[in-house]
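So the structure is just underneath, and the comments pick up after that.
All heavy atoms count here, side chains included; hydrogens, waters and symmetry mates do not. In this text, all values refer to a predicted model and were calculated from it rather than measured experimentally.
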Amino acid sequence: MCLPHDSSLPHRNVRHPLCVLTLPTSEEQDDMLRFIPLIQLLRTLLLAGMCVPLAGCWDMIEVSRSTLITGLAIDKDGKKNDIVTFEVLNTSEAQPHNQSGGAPTTLYTSEGDSVADLERLNEKLERQIVTSHNQIILIDEDIAREGLSQYIDILQRSRYVREDVTLLITHDVPASRLLKVVYPGNMYASLKIRSQVENYHERWGGVPISQLFNYTQATLTEGNSLILGAITATGDPQVSQNMDSVKSLVPKSTILITGSAVFREDKLIGFIGANDTRYVNMIRNQLSNTSFAVPIADGKSAAIRYKHWDTELSVVMNGDVPHVKIHLSGEGQIASILGDVPLDEVTGFQQVEQAADRYLADQVQATVNKIQTKFGVDVFGFGQHLYRHHYRQYLPFKKDWNSAFVRAKVDVTASVRITNSDLKTSRLKKEPS
């Protein structure tokens, strides 16, 4: 350290015109030498830590050199080969400020023995393929009847395919047909179909939650059979894939959600309509909003829009026969009414509530009986409920729960509460003169 100049300082101090520098003693030098290895270690760790953010992504792909796959359709040809159709995003047309009237996507096909021949797509494309942005997987009905496992296994085990990708079964049309429909506003097919399925489930409940994760869940869960969304297309396929078709007021082709595809293990065994699918979602407690036209006595009817639903299940075994109790409870509003029902009185609301209770209980009971007799698989999750709450009762039927499901005795009750009416006034009626 610097001290004022003083000639009386010891000889170990170095004189300077302005100050005197005091040198450390030998003991102090020994103490400093002990910290040198620690300082070198900290310096090495600091340099190594600085290299981590500077390393970058080892598997980074430049956007300008990549091709984003947004949709996937799997079909079979007459030779039993797999035909995979890929929807490739045209990034320039997908951006609203860069649109020039071209197609938002381009379709490419690849034929091979399995979906693993995806890499052969570079026979037709010059850029590196990126599958992590895939929105939807469409599987042809004929392939689904043979079994999904060999196709889903490849997609599911890929770290680039997300578990929330929409998985649908096409009905009466090839899977690739649905990717060839163009829409106004340059919306590409996969995004449109996914948005349509999600909104239909949220607003009406006519399609189940149908994602790759649901396939995994149904495969690994005890006492629960797989059910996926079913979809088809109407109209002229040759005209609908032309960009000029979006200039018409009437769509040349339409994507139609038909309900659900029912599976035994991984093989398709049939389809159910949107109305039955809604009741399946209701039993599974996966119904958010819907509406019913409830018949009332003497030709009267009321349309009720439901907002909240809750389903209570009770499954117990009585010998080898499952006894299932289903209680449905919900709240709704009267959207419209046909007939003279006094909604300005409490008795009018009670009349509608009682009719809704009977109607829902009968409809749900009919759907359960239909699934039991026609398909014989538990898509409602009764076995899963028994497995979770009464495992010892479920254990003897673990290997073949569906045989017990067919014999199940199901009792359905409903309790509907009408909170208010959307109608402004009572029915118009001319007073007698």
Side-chain angles (χ1 to χ4, degrees), residues 163-164 201-202 205 207-229 260-267 269 272 276-290 306-331 356-358 360-417:
E163 285 286 331
D164 63 346
H201 173 79
E202 180 68 24
V207 64
I209 302 175
S210 189
Q211 297 178 347
L212 186 59
F213 171 77
N214 300 110
Y215 175 87
T216 307
Q217 188 180 40
T219 303
L220 301 178
T221 302
E222 296 284 348
N224 188 22
S225 295
L226 176 63
I227 182 172
L228 295 174
S260 301
V262 182
F263 289 79
R264 185 186 298 275
E265 295 181 351
D266 71 325
K267 292 181 173 61
I269 59 176
I272 59 176
D276 287 325
T277 301
R278 178 171 57 167
Y279 296 123
V280 173
N281 286 332
M282 185 181 297
I283 295 175
R284 292 160 60 132
N285 228 351
Q286 295 178 352
L287 185 66
S288 300
N289 302 282
T290 191
Y306 295 93
K307 298 294 185 180
H308 304 286
W309 271 109
D310 183 61
T311 303
E312 297 179 3
L313 276 180
S314 174
V315 184
V316 295
M317 296 299 299
N318 186 2
D320 61 346
V321 178
H323 281 241
V324 182
K325 292 183 179 180
I326 304 174
H327 180 69
L328 310 171
S329 59
E331 295 181 356
D357 293 346
R358 294 190 299 269
L360 286 178
D362 293 341
Q363 293 297 313
V364 172
Q365 185 75 61
T367 298
V368 174
N369 295 338
K370 180 179 180 180
I371 299 295
Q372 284 180 302
T373 56
K374 186 175 180 179
F375 301 105
V377 292
D378 183 8
V379 298
F380 305 102
F382 296 155
Q384 181 182 2
H385 189 277
L386 183 65
Y387 170 80
R388 291 181 174 179
H389 295 83
H390 304 285
Y391 177 72
R392 294 183 181 274
Q393 296 182 15
Y394 174 81
L395 194 58
F397 307 94
K398 180 178 181 179
K399 293 183 179 180
D400 191 12
W401 163 253
N402 287 325
S403 63
F405 165 75
V406 175
R407 301 188 300 269
K409 304 297 183 182
V410 182
D411 182 28
V412 183
T413 59
S415 176
V416 178
R417 179 170 174 266

Item to check | Residue pairs passing the side-chain hydrogen bond (donor to acceptor under 3.5 Å, both in side chains) test where at least one lies in residues 321-331, sequence neighbours excluded | outcome: His327-Thr413, Glu331-Arg417
Item to check | Under 3.5 Å donor-acceptor, Ser210 side chain and Gly229 backbone | outcome: yes
Checklist entry - Where do Leu287 and Thr290 come nearest, in terms of heavy atoms and distance? => result CD2-CG2, 3.8 Å
Checklist entry - If you round to the nearest 0.5 Å, how far is CG of Leu386 from OG of Ser314? => result 10.0 Å
Checklist entry - Hey, does Phe213 have a side-chain heavy atom less than 4.5 Å from the side chain of Asp164? => result no
Checklist entry - When you look at Phe382 and Ile326, which way does the side chain to side chain contact (heavy atoms under 4.5 Å, CB included) test go after all the steps? => result CA-CA 10 Å; Phe382 296 155; Ile326 304 174; 3.7 Å; yes
Checklist entry - If we only count heavy atoms from C-beta on, is the Leu360 to Val416 side-chain gap below 4.5 Å? => result yes
Checklist outcome for this item: Heavy-atom closest pair (Asn402 atom, Ser225 atom, distance to 0.1 Å) is OD1-OG, 3.7 Å
Next on the checklist: Tell me the closest heavy-atom pair linking Val406 and Gly376, and the distance in Å.
Outcome noted: CG2-CA, 3.8 Å
Checklist entry - Counting only N and O atoms by type, is there a donor-acceptor contact under 3.5 Å from the side chain of Gln384 to the main-chain atoms of Gly223? => result no
Checklist outcome for this item: Sequence neighbours excluded, the answer for side-chain contact (heavy atoms from CB on, under 4.5 Å) partners of Ile269 is Val262, Arg264, Phe375, Val377
Checklist outcome for this item: Residues pairing under side-chain hydrogen bond (donor to acceptor under 3.5 Å, both in side chains) where one sits in residues 213-224, two or more places apart or in two chains, turn out to be Gln156-Thr216, Glu222-Tyr394
Item to check | Reported NZ-to-CD distance for the pair Lys409 and Gln372, which is rounded to 0.5 angstrom | outcome: 8.5 Å
Next on the checklist: Return the CD1 to CZ distance between Ile227 and Phe380, rounded to the nearest 0.5 Å.
Outcome noted: 8.0 Å
Item to check | Test item: Arg284 side-chain N/O and Thr311 main-chain N/O as donor-acceptor pair under 3.5 Å | outcome: no
Checklist entry - How many angstroms lie between atom CD of Gln286 and atom CZ of Arg278, to the nearest 0.5 angstrom? => result 15.5 Å
Checklist outcome for this item: Pro322 and Trp401 have their tightest heavy-atom pair at CG-CH2, 3.8 Å
Item to check | Distance, nearest 0.5 Å, that separates CD of Gln365 from OH of Tyr279 | outcome: 13.0 Å
Item to check | Passing option when Val324 is tested against Asp411, Leu313, Val412, Val368 for side chain to side chain contact (heavy atoms under 4.5 Å, CB included) | outcome: Leu313
Next on the checklist: Does the plane of the ring in Trp309 sit parallel, tilted or perpendicular to the ring in Tyr306? Use 30° and 60° as the thresholds.
Outcome noted: tilted
Item to check | His201 side-chain N/O to Val207 backbone N/O, donor-acceptor pair under 3.5 Å | outcome: yes
Next on the checklist: Does any part of the side chain of Tyr387, heavy atoms only, come nearer than 4.5 Å to the side chain of Lys398, both counted from C-beta?
Outcome noted: no
Checklist entry - Given Ile283 and Val364, is the side chain to side chain contact (heavy atoms under 4.5 Å, CB included) satisfied, shown in steps? => result CA-CA 8 Å; Ile283 295 175; Val364 172; 3.6 Å; yes
Next on the checklist: Checking side-chain hydrogen bond (donor to acceptor under 3.5 Å, both in side chains) between Ser260 and each of Asp276, Asn281, Thr277, which is the one that passes?
Outcome noted: Thr277
Next on the checklist: What's the separation between atom OG in Ser415 and atom CD in Glu312, rounded to the nearest 0.5 Å?
Outcome noted: 10.0 Å
